[in-house]
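The chains referred to below are lettered A, B, ... by the order of the sequence lines, with proteins before strands, and numbering in each begins at 1.
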Amino acid sequence: MSRYDPKSIEKKWQGKWEEARVFAASNRSEKPKYYALVEFPYPSGAGLHCGHTRPYTALDAVARVRRMQGYNVLFPIGWDAFGLPTENYAIANKIHPAEVTRRNIAVFRSQAKALGYGFDYSREVDTTAPEYYKWTQWIFLKLFEKGLAYKTDMPVNWCVSCKCVLANEEVVDGGCERCGSEVVRRDKSQWMLRITAYAQRLLDDLDTVDYPSRVKLSQKNWIGRSEGTEVDFPVVSGGRPVEPGYALRVYTTRPDTLFGATYMVVSPEHPMLDTYRGLIRNAGAVDAYRAGAARKSDFERGELNKDKSGVRLDGVQVINPVNNREIPVFVSDYVLMSYGTGAIMAVPGHDERDWAFARKFGLPVVEVVRGGDVRLAAYTDTETGVMVNSGFLDGLEVAEAKRRITAWLAEKGLGQSKVNYKLRDWVFARQRYWGEPIPIIHCPECGMVPLPESELPLTLPEVDSYEPTDTGESPLSAIRGWVETICPVCGSGAERETDTMPQWAGSSWYFLRYCDPHNQKALASQESLKYWMAVDWYNGGMEHTTLHLLYSRFWHKFLYDIGVTAMPEPYQKRTAHGIILGPDGEKMSKSAGNVANPMDVVDQYGADTMRLVILFIGDFEKAVSWSDKAVVGSRRFLERVWALQDGLHPGKAVTPALEGLLHKTVKKVTEDVENLKFNTAIAALMTLCNEMSGQKCSWADYQTLLKLLNPFAPHICEELWTKYGAGGLLALQTWPSYDPAKTLDETVEMAVQVAGKLRSTVALPRGSAEADVIAAALADARIAAIAQGREPKRSIVVPDKLVNLIF
RNA sequence: GCCGGGCUGGCGGAAUAGGUAGACGCACGGGACUUAAAAUCCCGGAGACUCAGGUCUGUGCGGGUUCGAGUCCCGCGCCCGGCACCA
């Protein structure tokens, strides 16, 4: 027997798989299809890290099992290659980002192959390739056509020193991540996608897919549906309506507390402050407050949330429609313009924020729901409580009061039910070079004109500098030869849009391109989409739950609506892995110096060892710390599997002593893979191996072990299969089946308890009758000593497991 | 603050329609082989007490339900992640 030398065998098998096109999926097959998907990587300069190997190894194992179970498997890979790090690297090193990308992809691909991942490399997609982003742009045009892409003024994070727009992630503690100076809010015209139009469907259809409940719940909370009422408060000045019929509209989820609304608050951005500026006697103070709020970043507004601030409007009041009382209006930044109507009715007795504000400004607090002490704190319970000080609502429970007041408001034409969502429209533009150009032309005559489809892809121009400009415009705006163009509608001189799409664009539909990656006429053919979609199993990180996962569901639903895809949901089943932390339990990072490189393990121990370690290390769904020490155990296991060759005899019969265990292990591994329990699947294989090394096994026994281990450690198994297998590639063999009857032992060891405490065990035939079990237990020497001739007062028998005797 | 997840040997982790807690692996101790070491193989182990047969205590803490609780219920503590003035 030769030594186990992963170096020599792994390269060899990777070559043979490629040669035999084992992992190439066919768009036409008699077999049932199976689409397994992992989140495609951003090809950074650092190469594959541990965080990639966990999900990739897991789904590679799933794909390999499915292939052996007779499926036509699609398990693709690609590159999500637009993005800031590449652009920054390009700027710093004066290399074109496309070249940086090309190099990084080459490294990633070779590392994926070295780990033995059975991706269909013939279907690779690259989001930065014009033949790919042509279709990203095409989808954008469709969204524009349907009114789902629009441009609007949006507050953005603006660094006063760098003079540029920052993403939220680039704002740290209210300051610029790079220079540390002040970040303020500033309005900028931004491209937006109307994801909110799909809010309800994104919520409803969660019921139709198989996602972990924590993922569904996160999306649900992120969408944030709330049911409430919009109520109109007529505006008065000096006791007279400012304008006939003019009212300020508020949104509330507590219309039942309307009698307790003692003042109103509008957001600093509320348009009424401009409309009625002439009536506001302290307009100067109001202006100053609004200017201060505008200077604050979102972060500061949120961070200072305990300390309420605001200004009362002198000369303008509103009428509470339920009791016709005049109440004051304040402007305060604790009310957001971006939710509801930008104005609220304040009920200090029953809302913590209003209570804090009222306390600070000495405003009256009226109790309208009995249950707490509103002098000490707001009483916010909606489950229990009876209405008081509320006119016709007095004595009602909160829920009933809500119904009653809502009906009353509707009848009087003062308000109506309204559903709101926390979900916001998607800011869909970056002022950067390395992204998909937005295919829109700004014409002085015709306005925004979509680029004709025939001109797609609109490719990125060559530029000398990728640096963002001082004005916050994209570097593309400096390329006049590219910007200046002709309006496709009227032929007059026009300019191209210079913003590019965010990184989330290309990843919102990539799984569709895999179905038909080389199609020149469509993003993918109808037949291929019909055949492969939906994705059967999509695994990815929890961190993508509310962004990528939601964005791609939105795009897919849109493509469904315009007839491109045939299914309303893209992913039938989603799972999420836990992250790999450094040995110190902290997130791996270069600065913390706790990064483990999977390729080092491959070099030193082999790819099969790396694959086993990453799956055996712990519960797949939970975070775990990487440990170099754990590596040796997996390598030793493979050595033991290799060493089993020594005691083999070339029999085709299963060794009787092993039969039960073999059936049990097939069952265990098969089920564990379905349930993401890769760690216990491998543990079961270790147990089998340990058991086998204790005796002389047949080739048949060994073949079963090799088939079961193959999805996790495919190279060593292929190598051993050539010597002890039944011919052909192991990757294409049939997954073993088991006989449930044979997974059960004929003799079982039953626990004997006395009054719930374990006192002894007895071996009995499986399925023994209760009376026999009790008799055997009483006959046991240790039990007899305790019983001292007494008969048990009571006995509980759990078949084949235990008996509990009470004397 | 709200939402979600967790807390089991020296370590990573097993075990939930309530039924023998600690599978599997790491580290450790003992032994075999060896001139020796490494590698490999075998054995051992939750803790305390022990007349060596056992007894008691143990799954973050305090209660409860049950013949029986890591698992269910009530209360509490700590850790990790996400969201954060959403009316």
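- In this structure, the NE2 atom of A:His270 is 17 Å from the P atom of B:A87, given to the nearest Å.
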Taking only distance into account, with no hydrogens and no angle test, what donor-acceptor pairs under 3.5 Å do side-chain atoms of residues 336-347 of chain A form with protein atoms, sequence neighbours excluded?
{"unit_1": "A:Ser338", "atom_1": "OG", "unit_2": "A:Arg424", "atom_2": "NH1", "d": "3.1"}
{"unit_1": "A:Tyr339", "atom_1": "OH", "unit_2": "A:Ser226", "atom_2": "OG", "d": "3.2"}
{"unit_1": "A:Thr341", "atom_1": "OG1", "unit_2": "A:Arg249", "atom_2": "O", "d": "2.6"}
{"unit_1": "A:Thr341", "atom_1": "OG1", "unit_2": "A:Ala343", "atom_2": "N", "d": "3.4"}
{"unit_1": "A:Thr341", "atom_1": "OG1", "unit_2": "A:Ala343", "atom_2": "O", "d": "3.2"}

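- As rounded to whole Å, 21 Å separates atom P of B:A84 from atom CG of A:Asp307.
- With rounding to whole Å, A:Leu547 atom CG is found 12 Å from B:C83 atom C1'.
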(request) Evaluate salt bridge (Lys or Arg N to Asp or Glu O under 4.0 Å) for A:Arg254 paired with A:Asp256, printing each intermediate quantity in order. (result) CA-CA 5 Å; A:Arg254 296 294 307 276; A:Asp256 52 301; 2.9 Å; yes
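- Listed nucleotides: B:G4, B:C24, B:C85. Nearest to the side chain of A:Lys308: B:C85.
- Across the protein-nucleic acid pair, A:Leu615 atom CG and B:C24 atom C1' stand 14 Å apart, rounded to whole Å.
- The backbone N or O of A:Pro765 sits nowhere less than 3.5 Å from a side-chain atom of A:Thr747 that would complete a donor-acceptor pair.
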(message) Using side chain to side chain contact (heavy atoms under 4.5 Å, CB included), reason through A:Leu423 and A:Leu550 one step at a time and then give a plain yes or no.
(response) CA-CA 11 Å; A:Leu423 185 68; A:Leu550 203 60; 4.0 Å; yes
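- Looking at heavy-atom distances under 4.0 Å, A:Thr761 makes contact with a base.
- Residues A:His350 and A:Val368 meet the side-chain proximity criterion, which asks for heavy atoms closer than 4.5 Å.
- Stem analysis of RNA chain B (at least three stacked-register Watson-Crick or G-U pairs, each with both distances under 3.5 Å) gives B:1-7 with B:77-83, B:10-12 with B:24-26, B:28-32 with B:40-44, B:46-49 with B:54-57, B:60-64 with B:72-76.
- Here the two rings, on A:Phe357 and A:Tyr263, have centers that are under 6.0 Å apart.
- The CZ-C1' distance, from A:Phe330 to B:C85, rounds to 17 Å in whole Å.
- Side-chain N or O atoms of A:Arg54 include one that pairs as donor or acceptor with a backbone N or O of A:Gly578 at under 3.5 Å.
- Residue A:Lys220 contributes atom NZ, which lies 21 Å from atom P of B:C2 at whole-angstrom precision.
- Residues meeting the ring-ring contact (aromatic ring centres under 6.0 Å, His included) test with A:Tyr379, sequence neighbours left out: none.
- At the phosphate of B:A87, OP1 or OP2 sits under 4.0 Å from a side-chain N or O atom of A:Ser226.
- Pairing each heavy atom of A:Tyr251 with each of A:Gly228, the nearest pair is OH-N, 3.2 Å.
- Between A:Lys216 and A:Asp207 no salt bridge is recorded (no basic side-chain N to carboxylate O distance below 4.0 Å).
- By the salt bridge (charged side-chain N to carboxylate O under 4.0 Å, His left out) test, A:Glu639 is found to be paired with A:Arg635, residues two or more places apart in sequence or in another chain being considered.
- Taking atom CZ on A:Arg635 and atom C1' on B:C26, their separation rounds to 17 Å, with Å as the unit.
- Of the two residues near RNA chain B, A:Ser760 and A:Asp354, the one whose nearest nucleotide lies more 5' is A:Ser760.
- Ion pair A:Asp745/A:Lys664 flagged as a salt bridge, since at least one NZ, NE, NH1 or NH2 atom sits closer than 4.0 Å to an Asp/Glu carboxylate oxygen.
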Got a list of side-chain donor-acceptor pairs under 3.5 Å for residues 540-549 of chain A, not counting sequence neighbours?
{"unit_1": "A:His544", "atom_1": "ND1", "unit_2": "A:Glu39", "atom_2": "OE1", "d": "2.9"}
{"unit_1": "A:His544", "atom_1": "ND1", "unit_2": "A:Glu39", "atom_2": "OE2", "d": "3.3"}
{"unit_1": "A:Thr545", "atom_1": "OG1", "unit_2": "A:Met542", "atom_2": "O", "d": "2.6"}
{"unit_1": "A:His548", "atom_1": "ND1", "unit_2": "A:Ser507", "atom_2": "O", "d": "3.4"}
{"unit_1": "A:His548", "atom_1": "NE2", "unit_2": "A:Tyr538", "atom_2": "OH", "d": "2.7"}

Less than 3.5 Å apart, which donor and acceptor atoms pair up between the side chains of residues 800-807 of chain A and the rest of the protein, not counting sequence neighbours?
{"unit_1": "A:Asp800", "atom_1": "OD1", "unit_2": "A:Gly767", "atom_2": "N", "d": "2.8"}
{"unit_1": "A:Asn804", "atom_1": "OD1", "unit_2": "A:Ala755", "atom_2": "N", "d": "3.4"}
{"unit_1": "A:Asn804", "atom_1": "OD1", "unit_2": "A:Gly756", "atom_2": "N", "d": "2.9"}

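- Contact annotation for A:Lys422: base contact, defined as any heavy-atom pair under 4.0 Å involving a base atom.
- Between A:Arg636 and B:A39 there is no side-chain N or O to OP1 or OP2 distance below 4.0 Å.
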Protein-nucleotides 15-19 of chain B N/O pairs closer than 3.5 Å?
{"unit_1": "B:A15", "atom_1": "OP1", "unit_2": "A:Lys677", "atom_2": "NZ", "d": "2.8"}
{"unit_1": "B:G19", "atom_1": "N2", "unit_2": "A:Gln753", "atom_2": "OE1", "d": "3.3"}

Please write out each protein N/O paired with an N/O of nucleotides 52-56 of chain B under 3.5 Å, distance rounded to 0.1 Å.
{"unit_1": "B:G54", "atom_1": "OP1", "unit_2": "A:Arg782", "atom_2": "NH1", "d": "2.9"}
{"unit_1": "B:U55", "atom_1": "OP1", "unit_2": "A:Arg759", "atom_2": "NH1", "d": "3.2"}
{"unit_1": "B:C56", "atom_1": "OP2", "unit_2": "A:Arg759", "atom_2": "NH1", "d": "3.1"}

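- Taking the nucleotide of RNA chain B with the nearest heavy atom to each of A:Phe620 and A:Arg214, the more 5' of the two is matched to A:Arg214.
- Contacts with RNA chain B (heavy atom under 4.0 Å) in residues 687-695 of chain A: A:Thr687, A:Asn690, listed by number.
- Contacts of A:Arg225 with the nucleic acid, taken as non-hydrogen atoms under 4.0 Å apart, are absent.
- Distance from the side chain of A:Ala751 is smallest for B:U20 among the nucleotides B:U20, B:C26, B:C41.
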Dump every N/O contact between nucleotides 6-13 of chain B and the protein below 3.5 Å, one line per pair.
{"unit_1": "B:G12", "atom_1": "O2'", "unit_2": "A:Ile617", "atom_2": "O", "d": "2.7"}

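- For the pair A:Met337 CE and B:C85 C1', the interatomic distance rounds to 16 Å; values are reported in whole Å.
- Of the possible donor and acceptor atoms, one in the side chain of A:Trp642 sits under 3.5 Å from a partner among the backbone N and O of A:Ser2.
- In terms of modelled atom types and a separation under 3.5 Å, the side chain of A:Tyr4 and the main chain of A:Ile716 share no donor-acceptor contact.
- Among the protein residues, A:Thr546 comes within range of no part of the nucleic acid, since none of its heavy atoms lies under 4.0 Å from any strand.
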Check nucleotides 69-72 of chain B for protein N or O atoms closer than 3.5 Å to its own N or O atoms and list the pairs.
none

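- At a threshold of 4.0 angstrom between heavy atoms, the contacts of A:Glu621 with the nucleic acid are absent.
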Got a list of side-chain donor-acceptor pairs under 3.5 Å for residues 673-680 of chain A, not counting sequence neighbours?
{"unit_1": "A:Glu674", "atom_1": "OE1", "unit_2": "A:Arg66", "atom_2": "NH2", "d": "2.8"}
{"unit_1": "A:Glu674", "atom_1": "OE2", "unit_2": "A:Arg66", "atom_2": "NH1", "d": "2.9"}
{"unit_1": "A:Glu674", "atom_1": "OE2", "unit_2": "A:Arg66", "atom_2": "NH2", "d": "3.4"}
{"unit_1": "A:Asn675", "atom_1": "ND2", "unit_2": "A:Glu671", "atom_2": "O", "d": "3.1"}
{"unit_1": "A:Thr680", "atom_1": "OG1", "unit_2": "A:Asp672", "atom_2": "OD2", "d": "2.8"}
{"unit_1": "A:Thr680", "atom_1": "OG1", "unit_2": "A:Lys677", "atom_2": "O", "d": "3.1"}

